[in-house]
Amino acid sequence: MKWSQLAPVGTRVLPRSRDYLSSSLTLSGFEHSLVNSGTAALGAILAWYRSQHDFEQSLTAVIPGYTCPDLVAACVYAGITPVIVDLAAEHYQLNPEHLTRLDKKPDIVICPALFGMSMDLVQIRSIVGEDTLIIEDNAQWFPEVSVTSHIASLKHYALPTHTHHADFFITSFGRGKPVNLMGGGLLAWNTSRVSSFEPDIAPAPQNASMYDIKRRVFNTVCQPLFYGGISRLPGLNVGATVYHSLDDVHAMDATRQERLTASILAYLRQPVHIQTMLQQAVTPLWASQSTQRRLLRFPVLTQSKQARNHLLRVLNASGLGASPMYGEPLYNIEGVARDCQAPFATPVSKVLAERLLTLPLHHHVKKHHVHRMVTILDDHRQWLADAPLNQN
């Protein structure tokens, strides 16, 4: 077994740059605010929506059965009940049949991008109607019209056509996210759909203390040799999916704000040759949606849980940073069930939790890593699958 190990994710945290201090981020068709996390961004939107309705009125938000439990935390923070529905099997989308069979039309639908794959908001809008709030959760993707490394400015930044069918979108700048500021989030509202939006956001705290020291530590830890060491320490449970409550929403501190533009531009200017090499050799999960996007991780589906776990062991014995994403369907994550409604079975979400593995795509991944990944997957090609099959 190799001592060094690629981290599953690891966008480099950049130092402060004077080059972009005068540059601003503006989004075509959207206004935005910067807050302390992606979860806080979602929580601020939901809390504002809650404040627009009678306190006694019960409000619901549909979320997928395979997603981050932070969506539940944001709903609970705002006093809104999460309703879990399954994903479709043939492509990444909320199960349309589940949406139509709900006892009550949802007040809100939250549509997370998975690794960079987005849901079909046009179809969802046609089912739930114009009065339902649609939020695109882009915590795992920074929205791009097309993948290019030639972007020069974030002024009047163009957003994908499908995003304009949402009322809001959010993104995250935390560790493990596409744009990494070690914390922070963005919430944006569609000015053609949302006439007035005044979220309750507390003032920013004092500038983040020891930010540059933490930046250097993070960048060092993500180097394969260091990550290989800490990932083997007992009790750390690196990468585990845990449900945490959202306690507060406040504005992003000045330290992160002044690094934001440079960090976004640096991410969008990265080449995607590692992703392209993998795509040419291995069919990713839901290939029609994942091959035209800049992915956070490369998703590979296996035909059984046993095959997935064996491949994880073999890949990581070679130091290749393979990992599952969420190891359980959302409803099975500890603490989630008490706060959610789950009117339907979620077999597709269960398949993803049991049979999905991901490969890293960050700057530490080199061509020799990809060659080894492909060799291992070729040796086990009979264990791979293209899409989850709904057995119910």
Hey, does the side chain of [X] reach the backbone of [Y] with a donor-acceptor pair shorter than 3.5 angstrom?
| X | Y | answer |
| --- | --- | --- |
| Gln257 | Met252 | yes |
| Trp189 | Ser195 | no |
| Gln5 | Asn316 | yes |
| Asn95 | Asp86 | no |
| Thr171 | Phe142 | no |
| Thr302 | Ser304 | yes |
| Asn190 | His164 | yes |
| Arg308 | Leu357 | no |
| Arg50 | Ile80 | no |
| Gln289 | Met119 | no |

As an exercise, state the distance from [atom1] of [X] to [atom2] of [Y], rounded to the nearest 0.5 Å.
| X | Y | atom1 | atom2 | answer |
| --- | --- | --- | --- | --- |
| Tyr157 | Leu25 | OH | CG | 9.0 Å |
| Leu311 | Met373 | CG | CE | 12.5 Å |
| Leu42 | Ser37 | CG | OG | 9.5 Å |
| Lys350 | Leu352 | NZ | CG | 11.5 Å |
| Ile264 | Leu186 | CD1 | CG | 7.0 Å |
| Thr283 | Leu384 | OG1 | CG | 8.5 Å |

Problem set entry | Test log, rule side chain to side chain contact (heavy atoms under 4.5 Å, CB included), inputs Leu59 and Ile108 | CA-CA 8 Å; Leu59 300 178; Ile108 304 157; 5.6 Å; no
If you count heavy atoms of other groups shown closer than 6.0 angstrom to [atom1] of [X], is the number above 12?
| X | atom1 | result |
| --- | --- | --- |
| Lys366 | NZ | yes |
| Lys155 | NZ | no |
| Gln223 | CD | yes |
| Gln382 | CD | yes |
| Asp200 | CG | no |
| Glu90 | CD | yes |
| Lys104 | NZ | yes |
| Arg12 | CZ | no |

Answer yes if [X] and [Y] sit in the same cluster of Ile, Leu, Val, Met, Phe, Trp and Tyr residues linked by side chain heavy atoms under 4.5 Å apart, and no otherwise.
| X | Y | answer |
| --- | --- | --- |
| Val348 | Leu99 | yes |
| Leu114 | Ile170 | no |
| Tyr66 | Phe344 | yes |
| Tyr326 | Leu94 | yes |

Looking only at side-chain N and O atoms, does [Y] offer a donor or acceptor that is under 3.5 Å from a partner on [X]?
| X | Y | value |
| --- | --- | --- |
| Tyr211 | Asp253 | no |
| Thr39 | Asp70 | yes |
| Thr358 | Ser323 | yes |

Exercise. Salt-bridged, Glu130 to Arg193, with N to O below 4.0 Å?
Worked result: yes
Please tell me if the side chains of [X] and [Y] come closer than 4.5 Å, counting only heavy atoms from C-beta onward.
| X | Y | value |
| --- | --- | --- |
| Val314 | Asp379 | no |
| Pro199 | Ile45 | no |
| Tyr267 | Arg294 | yes |
| Ser349 | Leu330 | no |
| Pro299 | Met325 | no |
| Leu315 | Leu359 | yes |
| Cys222 | Phe218 | yes |
| His32 | Leu34 | yes |

Problem set entry | side chain to side chain donor-acceptor pair (under 3.5 Å) between Ser263 and Arg256, worked out | CA-CA 10 Å; Ser263 297; Arg256 289 178 170 85; over 6 Å; no
For this session: Check each of Val62, Asp131, Thr60, Val128 against Asp107 using the side-chain contact (heavy atoms from CB on, under 4.5 Å) test, and report the only one that passes.
Result: Thr60
Problem set entry | Arg259 to Phe173 six-membered ring, cation-pi geometry met (6.0 Å, 45°) | no
Seminar exercise, completed: Here the pair of heavy atoms bringing Ser149 nearest to Gln270 is CB-O, 4.4 Å
Problem set entry | Nearest heavy atoms of Pro143 and Leu159, plus distance in Å | CB-CD2, 3.9 Å
Problem set entry | Chi angles and distances behind the side chain to side chain contact (heavy atoms under 4.5 Å, CB included) call for Tyr243, Val76 | CA-CA 12 Å; Tyr243 176 35; Val76 171; 3.6 Å; yes
For this session: Test side chain to side chain donor-acceptor pair (under 3.5 Å) on Glu136 and Thr163 and set out the steps.
Result: CA-CA 7 Å; Glu136 187 174 54; Thr163 298; 2.8 Å; yes
For this session: Run the numbers on Val374 and Leu278 for side chain to side chain contact (heavy atoms under 4.5 Å, CB included), then give the verdict.
Result: CA-CA 7 Å; Val374 172; Leu278 279 169; 4.2 Å; yes
Problem set entry | Tyr92 vs Phe115, ring-ring contact (aromatic ring centres under 6.0 Å, His included): CA-CA, chis, key distance, verdict | CA-CA 11 Å; Tyr92 181 59; Phe115 311 124; 8.5 Å; no
For this session: Give me the ring orientation class for Trp383 and His380: parallel if the planes are under 30° apart, tilted from 30 to 60°, perpendicular past 60°.
Result: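 Correct class here is tilted.
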Exercise. Should the pair Phe197 and Trp48 be assigned to parallel (<30°), tilted (30 to 60°) or perpendicular (>60°) ring geometry?
Worked result: perpendicular
For this session: Determine, step by step, whether Leu285 and Ser290 satisfy the side chain to side chain contact (heavy atoms under 4.5 Å, CB included) criterion, reporting the C-alpha distance in whole Å, the side-chain angles of both residues, the deciding distance to 0.1 Å, and the verdict.
Result: CA-CA 7 Å; Leu285 170 68; Ser290 59; 6.0 Å; no
